[in-house]
*Asks:* 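Have a look at this one before I ask anything.
Protein chains get the first letters and strands the later ones, always in sequence-line order, with residue 1 at the start of each.
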Number of protein chains: 2
Amino acid sequence: MGASAGSAKTGRSAKVGRPAKDSREKDAREAILDVAEERFAKHGFHGVTVREVASAAHVNTALIHYYFNSKKELFDAVFMRRAETINRDRLDSMDAYEARLGDRVSVEGAIEAFLHPVLKRLHEGGEGWRNYFALVGLVNSTTAWGGEVMTRYFDPVIHRLIDLIARALPGASKQDLYWSYNFLSGSLTLSLAETGRIDRLSEGVCRSDDIPALEPRMIAYAAAGFRSVCVRSA
Amino acid sequence: MGASAGSAKTGRSAKVGRPAKDSREKDAREAILDVAEERFAKHGFHGVTVREVASAAHVNTALIHYYFNSKKELFDAVFMRRAETINRDRLDSMDAYEARLGDRVSVEGAIEAFLHPVLKRLHEGGEGWRNYFALVGLVNSTTAWGGEVMTRYFDPVIHRLIDLIARALPGASKQDLYWSYNFLSGSLTLSLAETGRIDRLSEGVCRSDDIPALEPRMIAYAAAGFRSVCVRSA
DNA sequence: AGGAAATTTAATCAGCCGCATAATTAATGC
DNA sequence: GCATTAATTATGCGGCTGATTAAATTTCCT
């Protein structure tokens with residue numbers, strides 16, 4: 001018994017086995033990650049099946065387990081793939097800003113240095129980055145394990161921002177700074193998710209994918225917010 | 001054949017059948033909604049099984065379908081149960097504020113009237129309300145169908161807020177107002193989710209369930225943000 | 001009292017889930 | 001050139017999922 005399929009001794013069978021090197025357009029692994037990224041972002045971890053991912057990526061389900069061992073590890077791989085890139089972007093951006101301004105850093109400048117790398121990728125990075133950020137937004141507001149994952153990956157970048165702002169707002173209390181960051185984080189998260197909510201709410205006056213409209217407003221809004229919260233206690 | 005279980009002709013069996021109207025502590029239906037609310041908020045729609053809900057509510061799975069027809073309709077019932085209460089709370093709050101201030105409304109006052117009913121329930125409403133708001137936060141940043149659901153239920157309240165703020169900031173453009181609201185919405189959503197993120201990030205300096213610390217800061221932050229975004233164009 | 005309606009359970013179904021194993025084919029190293 | 005390794009598919013297993021059905025028990029209405 002077993003799986004001895006009475007298959008192709010007759011020359012050309014279905015495309016089983018390792019593919020010819022030049023016959024492949026991309027990497028199957030990358031295709032899996034791309035599809036998984038899109039689906040996880042749209043429906044969450046539990047809303048996606050590995051069969052669905054496999055089918056959309058035109059591979060067999062077993063290949064997913066071959067590369068990633070389990071569904072959970074596939075998810076982690078998706079989350080990690082772009083995390084380092086964007087983290088380095090942001091740290092570099094803030095380093096450059098500080099090097100340029102010395103201790104004449106401003107709240108606006110710090111927030112812009114923090115936000116711009118993300119918004120730039122969101123605007124110009126193509127569908128992959130858009131899906132990735134939607135996923136980050138989803139994870140960030142997921143009670144169960146969302147908080148931990150975000151902490152592990154993004155805390156260093158955030159502390160860098162808070163240090164910068166603290167220098168621009170001497171005397172600000174830690175509590176005020178962290179609460180303010182939390183509000184900024186929520187605004188950013190919702191914008192990254194691009195749920196189309198603002199489109200409907202505004203009946204077309206605003207479009208959630210209009211990054212050039214979003215960016216200056218978010219910077220102005222957050223900077224004013226930080227100042228208002230952090231200054232009255234100083 | 002069928003299910004002819006050789007059961008209790010011996011007098012007192014398990015508590016099967018229609019319960020005495022006054023003998024019930026609560027309603028089985030309510031128990032189901034409470035459990036479902038908690039689970040959906042924590043794990044999302046797809047992360048919960050009806051068996052799990054039934055078991056935690058100490059009822060049979062079929063009872064859930066008896067009351068709610070399907071898992072999806074159970075979810076909708078959970079979402080609807082408190083929506084009307086909180087909507088009326090907020091509309092009343094804003095009406096009262098406007099009646100009191102006439103056209104001397106302020107941005108801070110409008111935002112406080114909008115936020116306070118929610119934060120009060122979050123603070124004093126018990127576990128049920130806490131779970132409910134976490135669910136709202138989750139739905140709000142869920143790309144797939146989150147936006148639509150939110151639109152249907154919460155748009156009237158939001159338009160009421162925007163009208164109030166527009167009166168406090170004459171000359172503000174619709175676009176600026178809607179973008180600003182979006183930022184406020186993100187801040188609120190993340191705070192409602194109470195993921196514990198800020199607790200870890202601040203290493204205990206802030207606690208996500210510390211509503212008395214959150215409320216004045218969120219009002220100050222949002223009001224300053226609105227003003228900053230909406231004024232420079234006027 | 002006695003039938004109608006409401007509430008609850010046990011049992012079951014068809015289908016999908018994540019995952020594992022073995023087979024198959026191409027590339028690579030000695 | 002032959003053995004090893006890498007990449008891929010076919011097949012299938014055990015378990016769980018949402019939903020259904022028929023029956024059992026209880027209360028309500030007249």
Side-chain angles (χ1 to χ4, degrees), chain A residues 1-33 36 39-40 43-55 57-76, chain B residues 1-33 36 39-40 43-77:
Chain A
M1 55 183 67
S4 72
S7 75
K9 64 158 76 91
T10 75
R12 51 175 307 285
S13 66
K15 55 275 184 86
V16 172
R18 182 171 185 160
K21 192 164 57 179
D22 52 339
S23 79
R24 291 216 55 78
E25 16 205 315
K26 207 160 53 169
D27 211 340
R29 206 190 123 103
E30 289 290 307
I32 293 170
L33 284 171
R39 304 294 163 117
F40 282 141
H43 306 110
F45 181 78
H46 296 289
V48 179
T49 68
V50 313
R51 280 168 158 80
E52 182 189 334
V53 173
S55 160
H58 307 292
V59 300
N60 190 281
T61 51
L63 192 60
I64 292 182
H65 286 96
Y66 171 73
Y67 279 125
F68 304 102
N69 298 321
S70 71
K71 183 185 174 184
K72 177 61 163 58
E73 283 175 76
L74 167 62
F75 184 91
D76 290 343
Chain B
M1 52 181 67
S4 72
S7 76
K9 66 158 76 88
T10 75
R12 53 175 304 284
S13 65
K15 56 266 184 93
V16 172
R18 182 173 187 160
K21 194 163 53 177
D22 52 340
S23 81
R24 294 214 52 82
E25 19 203 307
K26 208 157 50 165
D27 214 338
R29 206 189 124 102
E30 289 290 305
I32 293 170
L33 284 171
R39 303 295 162 114
F40 281 140
H43 304 110
F45 180 78
H46 297 289
V48 180
T49 69
V50 311
R51 280 171 160 79
E52 183 188 333
V53 173
S55 160
H58 307 292
V59 300
N60 190 284
T61 48
L63 193 60
I64 292 182
H65 286 95
Y66 170 73
Y67 279 127
F68 303 103
N69 297 321
S70 72
K71 184 186 175 185
K72 177 60 164 59
E73 283 175 78
L74 167 62
F75 184 91
D76 289 344

*Asks:* To the nearest 10°, give me the bend of the helix from C:dA1-D:dT30 to C:dC30-D:dG1, comparing the axes of its five terminal pairs at either end.
*Replies:*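 Terminal axis comparison yields 10°.
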
*Asks:* Rounded to the nearest 0.5 Å, how far does CD1 of B:I64 lie from CG of B:L33?
*Replies:*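 CD1 of B:I64 is found 9.5 Å from CG of B:L33.
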
*Asks:* Among residues at least two apart in sequence or on other chains, which ones pass ring-ring contact (aromatic ring centres under 6.0 Å, His included) with A:Y67?
*Replies:*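 Checked A:Y67 against ring-ring contact (aromatic ring centres under 6.0 Å, His included); zero matches.
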
*Asks:* Please list every donor-acceptor pair under 3.5 Å in which a side-chain atom of residues 55-63 of chain B meets a protein atom from a residue at least two apart or in another chain.
*Replies:*
from  : atom 1 : to    : atom 2 : distance (Å)
B:N60 : OD1    : B:A62 : N      : 2.8

*Asks:* Tell me: CD of A:E30 to C1' of D:dA7, nearest whole Å?
*Replies:*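 Going from A:E30 (CD) to D:dA7 (C1'), I get 15 Å.
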
*Asks:* Could you tell me the separation between the CZ atom of B:R39 and the CD atom of B:E52, rounded to the nearest 0.5 Å?
*Replies:*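 These two atoms lie 5.0 Å from each other.
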
*Asks:* Quick one: salt bridge (Lys or Arg N to Asp or Glu O under 4.0 Å) pairs with a partner in residues 58-74 of chain A, sequence neighbours left out?
*Replies:*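 The answer is A:K72-A:D76.
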
*Asks:* Between N or O atoms, less than 3.5 Å apart, protein on one side and nucleotides 15-17 of chain D on the other: list the pairs.
*Replies:*
none

*Asks:* With the threshold set at under 4.0 Å for non-hydrogen atoms, list the residues of residues 54-69 of chain B touching DNA chain D in residue-number order.
*Replies:*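 Here the set is B:A62, B:H65.
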
*Asks:* Could you check whether the rings of A:F40 and A:F45 sit parallel, tilted or perpendicular, using 30° and 60° as the cut-offs?
*Replies:*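 Judged by the thresholds at 30° and 60°, the geometry between A:F40 and A:F45 is parallel.
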
